[in-house]
Undergrad: 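Pasting a structure below so you can have a look.
The structure displayed is predicted, hence computed values, not measured ones.
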Amino acid sequence: MSDGAAASTSTQRSSSGSAASANASSSGPAAPLAKYKLVFLGDQSVGKTSIITRFMYDNFDRHYQATIGIDFLSKTMYLEDRTVRLQLWDTAGQERFRSLIPSYIRDSSVAVVVYDVTNRLSFGNTTKWIEDVRAERGNDVVICLVGNKTDLGNEKRQVSTEEGEERAAKDGLLFMECSAKAGYNVKALFRKLATSLPGSNNGGNDGVNGGGAAAGVGGKLIDIKLSQAPANLDEAKGCGC
């Protein structure tokens, strides 16, 4: 078992994020459970849903439907020094849903801004997503810039790794490239996010049940053992959305 993550045994459905408290694991540490809201932002079809799906279920769906509005899932991670509950909010990239996004950013601990490395426009549009986060949260939020679809290969790339790194360094962001299709760097991404969160006794415990948690949003709670990130599988073919 890598990264001090403990194995878990239960999966259940919930009608709201508050149901997460019903799945405390006896094998986890006794430290207070810290809750953190992670909001995934980015243009349509960059792979936000696929990244979350790969992390939650180690699965990739070639025929997924575009996210409508906001989807919500929750995952408890047992780290070496504490237990954290990540509340993952998957937002729609279509313009018609843009008015919904600020309320979900407002009480977030982490904003994950995703672009497609084979689509330069999606990379350019990360500027507006980052501006939206800063407008709502200022500097009181961790922002991670993520380039997805590395499996499509260098011949289809429009945004180099160096460009992404330079942009992140300039704006004070975390950065990582991954492939949801191949499973490359997805678990490493979430480990990076987890280790960047505030301490378990401050920040992120209260806001997650605030304005962003809309009534009636369905949630799924699942505790999963984290395994070592796979080797570079960028030779995989096909769409990495």
Undergrad: Minimum heavy-atom separation for S108 to I105, with atom names?
TA: OG-O, 2.7 Å
Undergrad: Got a sec, which residues hit side-chain hydrogen bond (donor to acceptor under 3.5 Å, both in side chains) with S122, two or more places apart in sequence or on another chain?
TA: none
Undergrad: I'd like to check L193 versus L38 (side-chain heavy atoms, cut-off strictly below 4.5 Å). Are they in contact?
TA: yes
Undergrad: I need the single residue from T126, N125, V39 that forms a side chain to side chain contact (heavy atoms under 4.5 Å, CB included) with V113. Which is it?
TA: T126
Undergrad: Which heavy atom of R134 sits nearest to which heavy atom of L173, and what is that distance?
TA: NH2-CD2, 3.8 Å
Undergrad: Can you name the residues that form a side-chain hydrogen bond (donor to acceptor under 3.5 Å, both in side chains) with N119, not counting sequence neighbours?
TA: none
Undergrad: Could you measure the distance from the CG atom of D43 to the CG atom of L121? Nearest 0.5 Å is fine.
TA: 6.0 Å
Undergrad: Search all heavy atoms of S179 against all heavy atoms of N148 and return the closest pair with its distance.
TA: CA-OD1, 3.5 Å
Undergrad: Walk me through it: do R167 and T127 pass the test side-chain contact (heavy atoms from CB on, under 4.5 Å)?
TA: CA-CA 10 Å; R167 171 70 190 285; T127 299; 3.3 Å; yes
Undergrad: Between E177 and T150, is any side-chain donor less than 3.5 angstrom from a side-chain acceptor?
TA: no
Undergrad: If you measure from NZ on K156 to OG1 on T118, what distance do you get to the nearest 0.5 Å?
TA: 7.5 Å
Undergrad: Please report the shortest heavy-atom distance between V114 and V46, naming the atom on each side.
TA: O-CG2, 3.6 Å
Undergrad: Look up atom OH in Y36 and atom CZ in R85, then write down how far apart they are to the nearest 0.5 Å.
TA: 12.5 Å
Undergrad: Quick one, L73 and Y57 - any side-chain contact, counting heavy atoms below 4.5 Å?
TA: yes
Undergrad: Roughly how far apart are D90 CG and S50 OG, rounded to 0.5 Å?
TA: 9.0 Å
Undergrad: Would you name the heavy atoms of S74 and M56 that are closest together and state the gap between them?
TA: O-CE, 3.7 Å
Undergrad: Answer whether the closest heavy-atom distance between the side chains of L86 and V110 falls below 4.5 Å.
TA: no
Undergrad: If you compare all heavy atoms of F175 against all heavy atoms of C144, which two are closest, and at what distance to 0.1 Å?
TA: N-SG, 4.2 Å
Undergrad: Sub-3.5 Å donor-acceptor pair from the side chain of K37 to the main-chain atoms of D107, do we have one?
TA: no
Undergrad: Can you check whether R137 reaches I143 side chain to side chain, under 4.5 Å on heavy atoms?
TA: no
Undergrad: Determine, for R157 against E163, whether the closest basic-nitrogen to carboxylate-oxygen distance falls under 4.0 angstrom.
TA: no
Undergrad: With a 4.5 Å cut-off on side-chain heavy atoms, are L152 and V117 touching?
TA: no
Undergrad: Is there side-chain contact between I51 and F190, with heavy atoms separated by less than 4.5 Å?
TA: yes
Undergrad: Find the distance between CG (N185) and CZ (R54) and round it off to the nearest 0.5 Å.
TA: 12.5 Å
Undergrad: Quick check for you: to the nearest 0.5 Å, what is the distance between D116 atom CG and S45 atom OG?
TA: 8.5 Å
